[in-house]
Amino acid sequence: MANLCENVLRISGAHEDVVRFDEKFRGGKDMKDENYSFENLYPVPELSISDKCDWCKKHWSVKGDFYEENFAKDTIRDDDLETYYYFDTAWRGPELLIQHISREFDLEFMLVSSEPGSNIRRLVVFNNGIMTSEEELNDEEVAYWFGEDEAESA
């Protein structure tokens, strides 16, 4: 099994734009059940399993979708809206996927990723398809986003 990379994706901006992003991520406005998937954001073409894995790495930065059992969502309402998505991926965070989808929405996309085995401890911000900020996280910042246990194992 691959090393798990913990991720926090914060989407922030105007209320209606955040809602529109969430609707796309969960599979459509009319979805009664939550069906969150990277494929809703950037569909994978019909390919063999090995070709699909290669396509995902090239276009999403990860070899497949997030692990559903560890997915969570939290929303903070204010004048603008912030929604946080918590999920695990294999080996690294889905930076290319987030960069791609950020072109479609007038929102700020902040992705925080931590995978101690590969020493990945990053925070990146995308606006309109452009990485506007990139930083490596220290132990205190990792603990803030993922808890003390994660910081200690890094």
Side-chain angles (χ1 to χ4, degrees), residues 1-78 80-137 142 145-146 150:
M1 178 163 171
N3 290 6
L4 290 182
C5 180
E6 292 184 282
N7 299 276
V8 177
L9 174 62
R10 184 192 75 193
I11 309 298
S12 58
H15 182 91
E16 61 275 357
D17 293 329
V18 175
V19 168
R20 195 168 58 88
F21 171 81
D22 187 72
E23 288 171 352
K24 181 168 184 145
F25 194 10
R26 78 168 183 262
K29 186 175 186 173
D30 299 327
M31 290 297 293
K32 301 286 186 239
D33 296 325
E34 294 183 346
N35 187 31
Y36 290 95
S37 173
F38 289 164
E39 289 215 39
N40 296 333
L41 299 173
Y42 193 176
V44 178
E46 290 293 322
L47 299 167
S48 69
I49 292 173
S50 64
D51 289 341
K52 180 178 178 177
C53 183
D54 290 340
W55 186 95
C56 289
K57 284 192 259 184
K58 181 178 178 182
H59 294 90
W60 293 355
S61 302
V62 293
K63 66 180 187 173
D65 219 328
F66 60 84
Y67 296 104
E68 292 179 25
E69 62 273 5
N70 297 329
F71 181 84
K73 175 186 154 189
D74 188 26
T75 300
I76 298 172
R77 300 178 197 283
D78 204 352
D80 281 346
L81 190 64
E82 287 184 357
T83 298
Y84 292 81
Y85 301 93
Y86 307 89
F87 54 88
D88 295 341
T89 53
W91 299 109
R92 59 178 302 158
E95 290 182 17
L96 291 174
L97 168 72
I98 303 308
Q99 181 177 23
H100 172 81
I101 197 65
S102 74
R103 294 179 184 113
E104 186 177 332
F105 296 91
D106 187 22
L107 297 166
E108 180 176 89
F109 292 77
M110 182 185 73
L111 178 66
V112 184
S113 302
S114 175
E115 198 286 284
S118 300
N119 202 27
I120 292 173
R121 302 155 53 119
R122 290 175 48 86
L123 183 150
V124 292
V125 178
F126 293 98
N127 290 283
N128 300 314
I130 297 168
M131 183 186 295
T132 57
S133 180
E134 171 183 26
E135 64 183 85
E136 297 298 319
L137 302 177
V142 169
W145 288 104
F146 302 105
E150 186 71 15

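Along the sequence shown, residues carry numbers from 1.
Side-chain contact check for Val62 versus Leu97: every heavy-atom pair is 4.5 Å or farther apart. No side-chain heavy atom of Val18 sits less than 4.5 Å from a side-chain heavy atom of Glu82. For the pair Asn119/Arg121, a side-chain contact is recorded, criterion being any heavy-atom separation below 4.5 Å from C-beta on.
In this structure, Phe25 and Tyr85 have perpendicular ring planes: the angle between them is above 60°, well past the 30° mark. Between Phe66 and Phe71, the ring planes lie parallel to each other; the angle is under 30°, not in the 30° to 60° tilted range.
Considering every non-hydrogen atom in both Thr89 and Gly93, the closest pair reads OG1-CA, 4.0 Å. Of all non-hydrogen atoms in Leu96 and Lys57, the two that sit nearest each other are CD1-O, 4.1 Å. The shortest heavy-atom contact between Asp17 and Phe105 is O-CD2, 4.1 Å. Scanning both residues, Lys24 and Asn40, for their nearest heavy atoms gives O-CB, 3.0 Å. Between Lys52 and Val44, the shortest heavy-atom distance links the atoms CG-CG1, 3.6 Å. Of all the heavy atoms in Phe38 and Asp65, the pair that sits closest is N-OD1, 3.0 Å.
Within the model, atoms CZ of Arg77 and NE2 of His15 stand 6.0 Å from one another, a figure rounded to the nearest 0.5 Å. Distance check, rounded to the nearest 0.5 Å: OG of Ser102 to CZ of Phe21 gives 10.0 Å. Distance check: Ile11 CD1 to Leu111 CG gives 9.0 Å after rounding to the nearest 0.5 Å. If you take CZ on Arg10 and CG on Leu107, they are separated by 11.0 Å, rounding to the nearest 0.5 Å. Between atom NE2 of residue His100 and atom OG of residue Ser61 there is a gap of 12.5 Å, rounded to the nearest 0.5 Å. Within the model, atoms CH2 of Trp60 and SG of Cys53 stand 10.5 Å from one another, a figure rounded to the nearest 0.5 Å.
In this structure, the side chain of Ser37 engages the main chain of Glu39 through a donor-acceptor pair within 3.5 Å. Here the side chain of Asn7 pairs no donor or acceptor atom with the backbone of Pro94 at under 3.5 angstrom. Checked by atom type and distance alone, the side chain of Asp74 never pairs as donor or acceptor with a backbone atom of Ala72 at under 3.5 Å.
Of the charged side-chain nitrogens involved, at least one lies within less than 4.0 Å of a carboxylate oxygen, so that Arg122 and Glu136 count as a salt-bridged pair.
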Practice problem: Just do the salt bridge (charged side-chain N to carboxylate O under 4.0 Å, His left out) check on Arg26 and Asp22 with the steps written out, would you? | Solution: CA-CA 6 Å; Arg26 78 168 183 262; Asp22 187 72; 2.9 Å; yes

Practice problem: Please assess Glu135 against Leu137 for the test side-chain contact (heavy atoms from CB on, under 4.5 Å), listing each intermediate value before the final yes or no. | Solution: CA-CA 6 Å; Glu135 64 183 85; Leu137 302 177; 4.1 Å; yes

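Residues passing the side-chain hydrogen bond (donor to acceptor under 3.5 Å, both in side chains) test with Asn70, sequence neighbours excluded: Asp88.
Between Lys73 and the options Tyr86, Tyr36, Tyr84, a side-chain hydrogen bond (donor to acceptor under 3.5 Å, both in side chains) holds for only Tyr36.
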